[in-house]
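First up is the structure itself, then whatever we jot down about it.
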Number of protein chains: 2
Amino acid sequence: MTYEITRRLRTGQVAERAGVNIQTLRYYERRGLIAEPERSLGGHRTYPPETVTLLGVIKAAQRLGFTLDEVAELLEAGRRGHPRPDLRERAIAKLAEIEHRIADLVTIRDTLTQVVAARCDSLTNCTCADCPLPYAELAEDPPR
Amino acid sequence: MTYEITRRLRTGQVAERAGVNIQTLRYYERRGLIAEPERSLGGHRTYPPETVTLLGVIKAAQRLGFTLDEVAELLEAGRRGHPRPDLRERAIAKLAEIEHRIADLVTIRDTLTQVVAARCDSLTNCTCADCPLPYAELAEDPPR
DNA sequence: GGTAAGCCTGTACCTGGGTACCGGATTCAA
DNA sequence: TTGAATCCGGTACCCAGGTACAGGCTTACC
């Protein structure tokens, strides 16, 4: 059997395989999400192929609602074999956060539904009866 | 009976009554959300008291998920007695948008729940069986 | 009429997650 | 070996929705 040597990749190759912009790669490096890679003699970055996987993990975590700072911490914790419970704890906290955001959006949805049902026709001078607009004192925060 | 003359308010008074920052007031003026008010001889803005109400409307609309640009358009439409259906149409569109965001967040919530239930312990090297993390190919967009 | 509080314009900065552009250096394939 | 493609660092810019600051003028109250 022949083993293929896992070659180092250059910036553009990593970016393409991971589906991200080259600038994003350098941005993540600055943010501490990916380690500073080795360089060629001329100073070009050369990445191990696992970097592509790592970028996938980062993107997945982002889709779970973690910020880049949070992802960086999670990766850092994992890197130096942090005791254990970090990810789980954070996921629980994030879960609460997401639930909260869902609740806010549901309130917004319900009020919008009322606005539509009541046939409101103006923000400032709605002529409909029982206009729900003045009572739109909903979620404390804009929905982000 | 005596009628109280509704006095003009100065910037700080409007800001305080509406619960917004003074800078925000000027920002909204630049964005076209509130009209340019009359000025005192010395150049200070003097607002009619209705401005406070208007700011409340703007904040309510924001809480319903409308962007400032959208609010500005809605107000503008209302101002020059736009035919009718503008707010209603927009509310319907916004409703769809909100529903979509809720759906995304629900997907995220469910995956996070799985992560917690599976006792995942690491983003990159989770040792739990049936780890849901690699399948976190969820919503296309980060949750904003 | 003095003085403190309030307001003026203009500009810069903030968060979060990137993206774009520049001039110059390097790498790769023919 | 040469020319195209790629990459380098540094800096500036994008979105939204504001917020902050500086230096100077106005207003309000005693």
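In what follows, chains carry the letters A, B, and so on, assigned in the order in which the sequence lines appear, proteins first and then strands, with residues in each chain numbered from 1.
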Choosing from dG18(C), dG9(D), dG10(C), which nucleotide comes nearest the side chain of Q62(A)? dG18(C)

Length of the CG-P vector between L55(A) and dG17(C), whole Å: 15 Å

Among dG17(C), dA20(D), dC7(C), which nucleotide sits nearest the side chain of N21(B)? dA20(D)

Whether K59(B) contacts dG17(D) is assessed here as follows: a side-chain N or O lying under 4.0 Å from the phosphate OP1 or OP2. Is that the case? no

Using only side-chain N and O atoms of R39(A), determine if any of them is under 4.0 Å from OP1 or OP2 of dG9(D). yes

Could you report the tightest heavy-atom contact between L75(B) and L33(B), atom names first, then the distance? CD1-O, 3.7 Å

Looking at Y28(B), does any N or O in its side chain come under 4.0 Å of the phosphate oxygens OP1/OP2 on dG18(D)? yes

Specify the residue among T46(A) and R26(B) whose closest nucleotide of DNA chain D lies further upstream toward the 5′ end. T46(A)

More than 12 heavy atoms from other groups under 6.0 Å of CD on E29(B): yes

Given dT19(C), dG9(D), dG17(D), which nucleotide is nearest the side-chain atoms of T67(B)? dG17(D)

What is the distance from CZ of R31(A) to P of dT19(C), rounded to the nearest Å? 13 Å

Roughly how many Å is it from CD in E36(A) to C1' in dG9(D), rounded to a whole number? 13 Å

Closest non-hydrogen atoms of D86(B) and A77(B), given as atom of the first, atom of the second and distance, are OD2-CB, 3.6 Å

Minimal heavy-atom distance between N21(A) and A15(A), with the atoms involved, is C-CB, 4.1 Å

What distance separates L95(B) CG from I102(B) CD1, expressed to the nearest 0.5 Å? 8.5 Å

Whole-Å distance, Y27(B) OH to dA12(C) P, equals 17 Å

Go through dC8(C), dG18(D), dT27(C) for me and flag the one nearest to the T11(B) side chain. dC8(C)

Strictly below 4.0 Å: does R45(B) bring a side-chain N or O up to OP1 or OP2 of dC8(C)? yes

For DNA chain D, whose closest nucleotide is more 5', that of Q23(A) or that of G43(B)? Q23(A)

Figure out the CG/P separation between L41(A) and dT6(D), and round it to whole Å. 21 Å

Within less than 4.0 Å of OP1 or OP2 of dT19(C), is there a side-chain N or O belonging to R30(A)? no

Calculate the interatomic distance between R8(A) atom CZ and dT27(C) atom C1'; express it in whole Å. 17 Å

Gap between atoms CG and P, on L9(A) and dC28(C) respectively (whole Å): 12 Å

Spacing of L25(A) atom CG relative to dC7(D) atom C1', expressed in whole Å: 12 Å

On DNA chain C, compare the nucleotides closest to R10(B) and D69(A); which residue's is nearer the 5' end? R10(B)

Output the single nucleotide from dG18(D), dT26(D), dC8(D) whose closest atom is nearest the side chain of S40(B). dT26(D)

Using heavy atoms to find the nearest nucleotide of DNA chain C for H44(A) and L68(A) separately, return the residue whose nucleotide is more 5′. L68(A)

Are I22(B) and V20(B) joined in one hydrophobic group, where the rule is that I, L, V, M, F, W and Y side chains link up if heavy atoms are under 4.5 Å apart? no

